[in-house]
Every structure is written in C-alpha cells, then in structure tokens.
Amino acid sequence: GLPNVGFWRVTLAVERGEGGKVRELARDIDPAAVGSRTRRAGFYSDLGRGLATDRVHRQEAVAALRTAEKLAPQRVRTNPFVRETVRELMRRARRDAVGRELRGMAYRMGLVR
C-alpha cells in the first residue's frame, strides 16, 4: 500500500545519501497504517538515520531511533547501520536531554559501558 511505498522512498533516500530529504518524504506517511511492528521499526530506523545527517534535526533523529527501538528492540539494537548512526550521534552529543536518551540507547546496544 501507500505507506509501504513511502517507507521505501525514505529508505532509498537514506541509502543514496540524501538524508536531508527524509523529513519531507516522511511527512505524509502514516506508519500506524502498516500492521507489522518490524516494518514500522525499519521505517523509524531509516528516518532516524536520515535525520541524523542534519545537525538541526538530531533530536528528531534520536526520537525516531527510540521509537524504532521500542517497536523492535532486538532488531534495532543489532542493526549495523543504526548502531553506526548511534555511535556517530554519541560522538556529537552534549550532556542534555538528547544526550541522556542517546546514551541509554547506546548502552542497551552495548556500545558504551
């Protein structure tokens, strides 16, 4: 259906290195219209990865990645692309609310001790 087509557009934008486009592409997508939690987690993972490429949207990136983690924790925590995104965000995080959320997710992924 249309939501899945939207999911794929977001995925393709991230894979092509066009992370700046994902916010616009995701605007009209209703993830709840897709029954699969795993598929929705994949969408939020890709959305987070794309948003993370833009400094202005890093807080939204962390929120999207947390949503993905809540939907499918094992799948998200072991995804090498998500792990690399979290690792990179950790390098840039300050000690603020986003940093705490991010550090918690990184801890659950085994990226920090």
Side-chain angles (χ1 to χ4, degrees):
L2 287 178
N4 262 315
V5 171
F7 285 8
W8 280 110
R9 286 185 177 141
V10 169
T11 299
L12 291 172
V14 172
E15 294 304 319
R16 287 191 311 249
E18 299 171 347
K21 289 184 177 181
V22 298
R23 194 164 190 257
E24 181 181 330
L25 291 170
R27 183 181 3 207
D28 297 325
I29 298 172
D30 177 15
V34 175
S36 168
R37 291 174 63 90
T38 302
R39 188 70 187 104
R40 288 194 320 262
F43 164 73
Y44 283 111
S45 294
D46 289 336
L47 178 61
R49 289 175 53 218
L51 290 170
T53 64
D54 186 352
R55 178 182 208 100
V56 175
H57 302 294
R58 288 200 181 122
Q59 187 169 357
E60 292 175 67
V62 172
L65 293 170
R66 278 290 291 134
T67 300
E69 183 187 28
K70 288 176 186 176
L71 288 167
Q74 292 302 95
R75 187 174 190 107
V76 171
R77 291 176 190 162
T78 59
N79 181 306
F81 300 115
V82 174
R83 292 171 62 86
E84 181 56 35
T85 300
V86 169
R87 207 177 271 121
E88 185 59 33
L89 287 169
M90 284 291 293
R91 286 187 199 117
R92 297 178 179 156
R94 295 186 207 136
R95 300 222 177 253
D96 58 10
V98 173
R100 284 191 299 278
E101 281 287 319
L102 190 58
R103 281 190 297 282
M105 190 169 16
Y107 176 80
R108 290 185 296 278
M109 290 180 174
L111 298 175
V112 294
R113 302 273 176 227

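Bear in mind that the values here come from a model prediction, so they are computed numbers and not experimental data.
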Can we say R9 and E24 salt-bridge, meaning some charged N sits less than 4.0 Å from an Asp/Glu carboxylate O?
no
Electrostatic pair R23:E60 at N-O distance under 4.0 angstrom:
yes
Does the pair K21 and V10 meet the rule for a side-chain contact (heavy atoms from CB on, under 4.5 Å), with working shown?
CA-CA 8 Å; K21 289 184 177 181; V10 169; over 6 Å; no
State whether the number of non-hydrogen atoms from other residues, nucleotides or ligands found under 6.0 Å of L12 atom CG is greater than 12.
yes
Can you confirm whether more than 12 heavy atoms, excluding those of R66, are under 6.0 Å from its CZ atom?
yes
Do V34 and L2 share a hydrophobic cluster (ILVMFWY, side-chain heavy atoms under 4.5 Å, transitive)?
no
Tell me whether Y107 is reachable from V62 by hopping between hydrophobic residues (I, L, V, M, F, W, Y) whose side-chain heavy atoms are closer than 4.5 Å.
yes
Flag side-chain contact, heavy atom, 4.5 Å: [X] against [Y]:
X    : Y    : result
F43  : I29  : yes
R92  : L89  : no
E15  : R49  : yes
M105 : E101 : no
V76  : S45  : yes
R58  : L51  : no

Please report the closest heavy-atom contact between [X] and [Y], naming both atoms and the distance.
X    : Y   : answer
T85  : A52 : CG2-CB, 3.7 Å
A41  : A68 : O-CB, 3.3 Å
R103 : M90 : CG-CE, 3.4 Å

As a test of understanding, state which of L47, D54, T53 forms a side-chain contact (heavy atoms from CB on, under 4.5 Å) with V22.
L47
If I take atom [atom1] from residue [X] and atom [atom2] from residue [Y], how far apart are they, to the nearest 0.5 angstrom?
X    : Y    : atom1 : atom2 : answer
R108 : R77  : CZ    : CZ    : 5.5 Å
E88  : R83  : CD    : CZ    : 15.0 Å
E84  : L111 : CD    : CG    : 9.0 Å
F7   : L25  : CZ    : CG    : 13.0 Å

Go through it in stages, so that I can follow the logic: the residues are L71 and T38, the test is side-chain contact (heavy atoms from CB on, under 4.5 Å), and I'd like the CA-CA distance, side-chain angles, deciding distance and then a yes or no.
CA-CA 7 Å; L71 288 167; T38 302; over 6 Å; no
